[in-house]
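Here the structure comes first, spelled out in structure tokens, and everything after it is commentary.
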Amino acid sequence: MLELTKSEAKKVEIVNKVINKEITQKEAASLLHITDRQVRRLIKLFKSEGELGFIHKNRGKVSQKKISQDLANKIVEDYLNNYSYYNFEHYYEERGFKFGISYSAMFTIFKDYEIISPIAQHKTVRLYNENMRNAIKEKTITTEQEDLFKERLEEEKARHIRKSILHFSFGEEIQMDATFWIWFGTQETALHLAVDKATNTIIDGYFDYEETTSAYMILLMNMTLNYGIPKKIKTDKRSSFSVNNAKSSKTNLNVTQFGRMCEDLEIILECSSNPLFKPNVERENGVFKNRLKAELIHNNITTIEEANKYLKEIFIPKMNKRFAHEINPNKNMMRKNTFTISELNIIISIRIKRTIDNASSIKYFNEYYLPINMETGEVTSYVKGTECIVINAYDKELYCLIEDKIYSLLKVEKLKPKTFEKPKEALKTTETKPKGHKPKDNHPWKMNMMLR
């Protein structure tokens, strides 16, 4: 038996009140938002048919305009087999109108069959994915619907492929920075990072106890060997990068040891104290603080050697796979490295000016060295006062640059002065004090003193 809906039950209640003279017809019309004439019709209907007269006559009957199940199946089959890559509007313009139905009717059919458009909104996609996964578990869908679900998943991934930052190419700008934190153990250390702006790729990372030039040299060396030579490097104004009184040998610009390395590799070095100047590496510092420290603690890493190994072998590759954009070979400004390892060993180095002394030796950190010809292995002598540059190479070997020629350095061992032991007899004679001269009694000086 059909039951009254809420609106129909409300009409019955108000009509009853009018019949019982609890309210007037005008008040009933106001409550039902209809005219007085319609209220009189409802009263007449109630008296003749009772409450059932208020039920809609089409309730429970199949609409004559309802699309047949065969037609709905035909539309769904046509779409799944031939036009699944069309969006709904596109499909309706090509095929849907030929079935003699409206766009809204076609949309309702697809909705009933759990089919979504390739350009559906995120909310619809999430609900669709959830429903389809449940249906696959319960095995209540056809093979065609399951294939469409997998296809839609791939399309959703393709819509959100991570792309490099607009107008930037890989290697066009590398950002470097170091952040201090108690990453492991109880001692504060500095994590040095190099990040590519275009793809957000972490080029390299290194732990050191302080923010040092040697740590940035390691980043530069690894980047050159693994990726190539970038066009530009951006850093802050730490002493490793910017010193007011340091002058370049090639230009008149202020340059540090690291700046000279960039100059030799033809890399533009830009420095600024504003954090917004290098936002990518600053953002990575925050991500590393949230993730890396937790993983180091979880893996019981307490030494800097273990931390560097975990950072390079496990964490950085995992972060690049998770967050870095794919490198577009058509937008790659990393220059291919044409230097050999030995050449890079000399370029990425610390250089200090020195002067050759009168023994043709060079003093460096309280030690003396002789320049050795690398071809013949012979000691090369130069005039006192000749200027040279001591090169502390990347591999910690020492070289010197004299008159545009590179020599290796040979450390001069310090000689201890020899001590000679004197004979015992000689020691006795030297140890006895000589007797003083005693003047005679008739000496003039002595006579004068006696007279006084």
Side-chain angles (χ1 to χ4, degrees), residues 164-181 188-289 316 333-335 337 339 344 346-353 389 391-394:
S164 59
I165 296 177
L166 192 63
H167 304 312
F168 276 89
S169 301
F170 177 66
E172 185 175 355
E173 181 181 308
I174 302 296
Q175 300 174 9
M176 289 186 176
D177 193 24
T179 178
F180 287 88
W181 195 256
E188 188 179 56
T189 50
L191 172 61
H192 302 70
L193 287 179
V195 180
D196 174 62
K197 179 179 178 64
T199 62
N200 209 38
T201 301
I202 302 165
I203 302 298
D204 198 30
Y206 185 75
F207 280 111
D208 205 345
Y209 291 107
E210 295 293 338
E211 185 174 1
T212 60
T213 303
S214 5
Y216 287 111
M217 288 168 60
I218 293 173
L219 298 185
L220 183 60
M221 175 65 85
N222 292 338
M223 174 173 60
T224 305
L225 294 177
N226 298 329
Y227 293 94
I229 302 173
K231 180 181 179 181
K232 182 192 296 183
I233 293 178
K234 281 188 175 182
T235 64
D236 54 20
K237 283 193 172 182
R238 295 292 182 105
S239 57
S240 297
F241 309 111
S242 177
V243 177
N244 294 332
N245 59 358
K247 295 292 181 181
S248 168
S249 58
K250 298 181 181 179
T251 63
N252 199 28
L253 301 175
N254 295 336
V255 68
T256 58
Q257 295 284 353
F258 190 84
R260 192 264 317 150
M261 300 173 208
C262 292
E263 192 177 80
D264 291 344
L265 293 171
E266 297 181 357
I267 302 172
I268 301 171
L269 179 63
E270 293 183 358
C271 306
S272 175
S273 56
N274 187 354
L276 299 177
F277 182 69
K278 42 182 179 52
N280 297 77
V281 70
E282 296 287 353
R283 191 181 301 115
E284 289 300 330
N285 287 337
V287 174
F288 273 53
K289 283 184 178 180
I316 289 180
M333 295 187 69
M334 278 280 191
R335 287 185 289 115
N337 173 38
F339 298 99
L344 286 175
I346 298 296
I347 293 173
I348 304 176
S349 58
I350 302 295
R351 302 187 181 187
I352 300 176
K353 285 186 177 180
I389 297 177
I391 301 174
N392 190 347
Y394 181 80

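- Taking 4.5 Å as the limit, every side-chain heavy atom of Leu269 sits out of range of all side-chain heavy atoms of Arg260.
- Counting heavy atoms from C-beta on, the side chains of Asp177 and Asn285 come closer than 4.5 Å.
- In this structure the side chain of Ser239 never reaches within 4.5 angstrom of the side chain of Thr256, judged on heavy atoms.
- Proximity of a side-chain donor or acceptor of Glu172 to a complementary backbone N or O of Ser169 within less than 3.5 Å is detected.
- Contact record, Ile174 with Ala194: CG2-CB, 4.1 Å, taken as the closest heavy-atom pair.
- To the nearest 0.5 Å, the span separating CD1 on Ile391 from CD1 on Ile389 amounts to 7.0 Å.
- Using a 4.5 Å heavy-atom threshold, the side chains of Gln175 and Glu173 count as touching.
- The side-chain contact (heavy atoms from CB on, under 4.5 Å) test applied to Ala215 returns His192, Tyr206, Asp208, Thr212, not counting sequence neighbours.
- Here the side chains of Arg238 and Met176 are not in contact, with every heavy-atom distance at 4.5 Å or above.
- Between Leu344 and Asn337, the closest side-chain pair of non-hydrogen atoms falls below 4.5 Å.
- The distance from the CG atom of Leu265 to the CZ atom of Phe339 is 5.5 Å, given to the nearest 0.5 Å.
- Going from atom CZ of Phe168 over to atom CG of Asn200 covers 13.0 Å, rounded to the nearest 0.5 Å.
- Atom NZ of Lys289 has more than 12 neighbouring heavy atoms from other residues, nucleotides or ligands inside a 6.0 Å radius.
- To the nearest 0.5 Å, the span separating OG on Ser349 from CD1 on Ile347 amounts to 8.5 Å.
- Sorted by first then second residue, the salt bridge (Lys or Arg N to Asp or Glu O under 4.0 Å) pairs that include residues 223-233, not counting sequence neighbours, are Lys232-Glu270.
- Judged as a side-chain hydrogen bond (donor to acceptor under 3.5 Å, both in side chains), the pairs with a partner in residues 219-230 (not counting sequence neighbours) are, in order, Asp204-Asn222.
- A donor-acceptor pair is defined here as one N or O able to donate and one able to accept, closer than 3.5 Å; no such pair exists between the side chain of Ser272 and the backbone of Phe277.
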Walk me through whether Phe288 and Ile202 qualify under side chain to side chain contact (heavy atoms under 4.5 Å, CB included). CA-CA 11 Å; Phe288 273 53; Ile202 302 165; 3.4 Å; yes

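- In this structure, the side chains of Glu284 and Asn280 stay at 4.5 Å or more apart for every pair of heavy atoms.
- Across Ile233 and Cys262, no two heavy atoms sit closer than the pair CD1-SG, 4.2 Å.
- In this structure, the separation between CG on Asp196 and CE on Met223 is 9.5 Å, given to the nearest 0.5 Å.
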So Ile268 and Glu263, side chain to side chain contact (heavy atoms under 4.5 Å, CB included) or not? Walk me through it. CA-CA 7 Å; Ile268 301 171; Glu263 192 177 80; over 6 Å; no

Stepwise side chain to side chain contact (heavy atoms under 4.5 Å, CB included) check, Thr213 with Ser240: CA-CA 5 Å; Thr213 303; Ser240 297; 3.3 Å; yes

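- Rounded to the nearest 0.5 angstrom, Tyr394 OH and Ser214 OG are separated by 9.5 Å.
- Residues Phe241 and Tyr216 form a side-chain contact, since some pair of their non-hydrogen atoms from C-beta on lies under 4.5 Å apart.
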I would like to know whether Lys278 and Val195 meet side chain to side chain contact (heavy atoms under 4.5 Å, CB included); could you show each step before the answer? CA-CA 9 Å; Lys278 42 182 179 52; Val195 180; over 6 Å; no

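- Summarising the local packing, CD of Glu188 is surrounded by more than 12 heavy atoms from other residues, nucleotides or ligands at distances under 6.0 Å.
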